[in-house]
Amino acid sequence: MSIEIDRDTCVGAGQCVLAAPDVFDQTEDEGISFVRPDAPEGRDGEIADAVDRCPARAIALVDR
Amino acid sequence: MSEMVREYPMARTCPFDPPAEQTENGPVSKVRIETGATAWLVTGYQEQREALVDPRLSSDFRREGYPSRITTQARTRSFISMDNPEHQRQRRMLIKYFTVKRIESMRPAIQKVVDNLLDEMLDGSGSADLVSQFALPLPSLVICDLLGVPYADHDFFQRCSSVQLTMSAPMADREAARDALNGYLLSLVESAVDNPGDDLIGDLVVNQVRPGHLTAGEVADMCSLLLIAGHETTANMIALGTLALLRHPDQLAELRESDDRALMASAVEELLRYLTIVHQGLRRVAVEDIEIGGAQVAAGDGVIISADAGNRAPDAFDGDPDELDIHRSARHHVAFGFGIHQCLGQALARLELDIAYSTLFRRVPTLAVDASLDEIDFKDDMFVYGVRALPVTWNTEADR
Ligand code: SF4
């Protein structure tokens, strides 16, 4: 599973950062969400919560 | 449908609960709004979340069929009433100011504002109006600082914003208040063009006005939205939330005695859900025929999503949704809306509420409301719900 964030649709509400602070962060210059390079393995529940709470439906889990 | 078509908005019967009639005709029903037009009222939680992410529902109030309140002639327009891509373009200019991290970095400054306000309040006689002395100045000071608006003018813009948000105020007064506030902000933006400060207005002037992406007038409209949204809503949540917690002394005691920051965070989410101060619905118009919760909504139909009903919907939250429960997992509430228009300032609101409640209850353990519920003036006639004043007392000896 990998996480994909649609940077064009993200509205920067930061729900993903609240749901899974180890996994998501927002860029300083634009405030758009990204997956932290140091994101730990696991955290599936938190990530699912982030997907559910993202108001812009910008986060997708894709099979790799 | 054979049910009678109800009038919307409906009045609350209990000051803390959304009107029960909203849901009597099911999760999606027809209502008659203030202008005499009919619209769809969406009260089911799932139906609301689906509707709010559906791009076939437009936020553009200029479109035919938009379920307007009896409103002023709209002369100003900000991204809250735009659709993508225009909405996204403008919102993007602001996001970096409201990220979770950037807002968290404001914690010490906000804590200081809270401490100073409480120092002043507690200096007095042992009684105060919590709204004018604490709940309103706190978010006003914070948003003024962020935008670059002089707080010294707070009487003026608080009055303008309050009149604009009062449904029962005469139209001419509301239009005058809107124009006065916009004129004021426009002059701030124009003076920033020559001399930009290190604040949001200065940033927008340098990065948007000077290169020609936005006009000074568009920036003033944007700032009017941020200024109003940034102080009215949070102020109402601080006062109403305090009142709600004081009415639940066991939960309040638990909050006061715990130093678990997660418990306060959970209480803030639960209060946002339980109180849902945006109580006149999020309004949209269908641009295509769509189905919402089994109802056939035609292009041009107005749609009203009542977040207050959605946040009390059975099955959407664990336990009894009509009970306040600070341990409930309520984070998926729709008090900030959902979809692309979800509140931009939500991280700031959360932080201010967290600091306000925790400091207030820690520093004033004997805080009590000095009025019965029916003596309290609830803002039922405003777009944002709250209390006009909240007389409180405390024991000056015990709280020294
Ligand atoms: S929750 Fe969604 S919209 Fe908000 S910052 Fe995260 S990805 Fe972007």
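From a predicted model like this one, the values you see are computed outputs, not experimental measurements. Just so we're on the same page: letters track the sequence lines, and every chain starts at 1.
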### Task
Please state whether the side chain, the backbone, both or neither of A/T9 comes within less than 4.5 Å of a heavy atom of chain B.
backbone

### Task
Would you mind reporting whether B/H341 and A/V11 have side-chain heavy atoms less than 4.5 Å apart?
no

### Task
Mark yes when over 12 heavy atoms from residues, nucleotides or ligands other than A/E28 sit less than 6.0 Å from its CD; otherwise mark no.
no

### Task
Name the member of A/D49, A/D8, A/T27 that forms the most heavy-atom pairs with chain B at distances under 4.5 Å.
A/D8

### Query
So which heavy atom on A/C10 is nearest to which on B/Q88, and how close?
O-NE2, 3.1 Å

### Query
Hey, which of B/H332, B/R331, B/R49 is the one that makes side chain to side chain donor-acceptor pair (under 3.5 Å) with A/D52?
B/R49

### Query
Hey, what do you get for CD1 (B/I95) to CG (A/D29), rounding to the nearest 0.5 Å?
11.0 Å

## Note on the structure
A/I32 and B/R92 have their tightest heavy-atom pair at CD1-NE, 3.1 Å

#### Entry: B/D259 atom CG: more than 12 heavy-atom contacts under 6.0 Å
no

### Task
Go through A/D25 and B/K101 one step at a time and tell me if the salt bridge (charged side-chain N to carboxylate O under 4.0 Å, His left out) criterion holds.
CA-CA 8 Å; A/D25 201 351; B/K101 253 198 208 150; 2.6 Å; yes

### Query
What distance separates A/R57 CZ from B/L52 CG, expressed to the nearest 0.5 Å?
10.5 Å

### Message
Do A/Q26 and B/K96 have side chains that approach each other closer than 4.5 Å (heavy atoms only, starting at C-beta)?
### Response
no

### Task
Would you name the heavy atoms of A/R53 and B/F338 that are closest together and state the gap between them?
O-CE1, 3.5 Å

### Query
Does atom CD1 of B/I80 have more than 12 heavy-atom neighbours from other groups under 6.0 Å away?
no

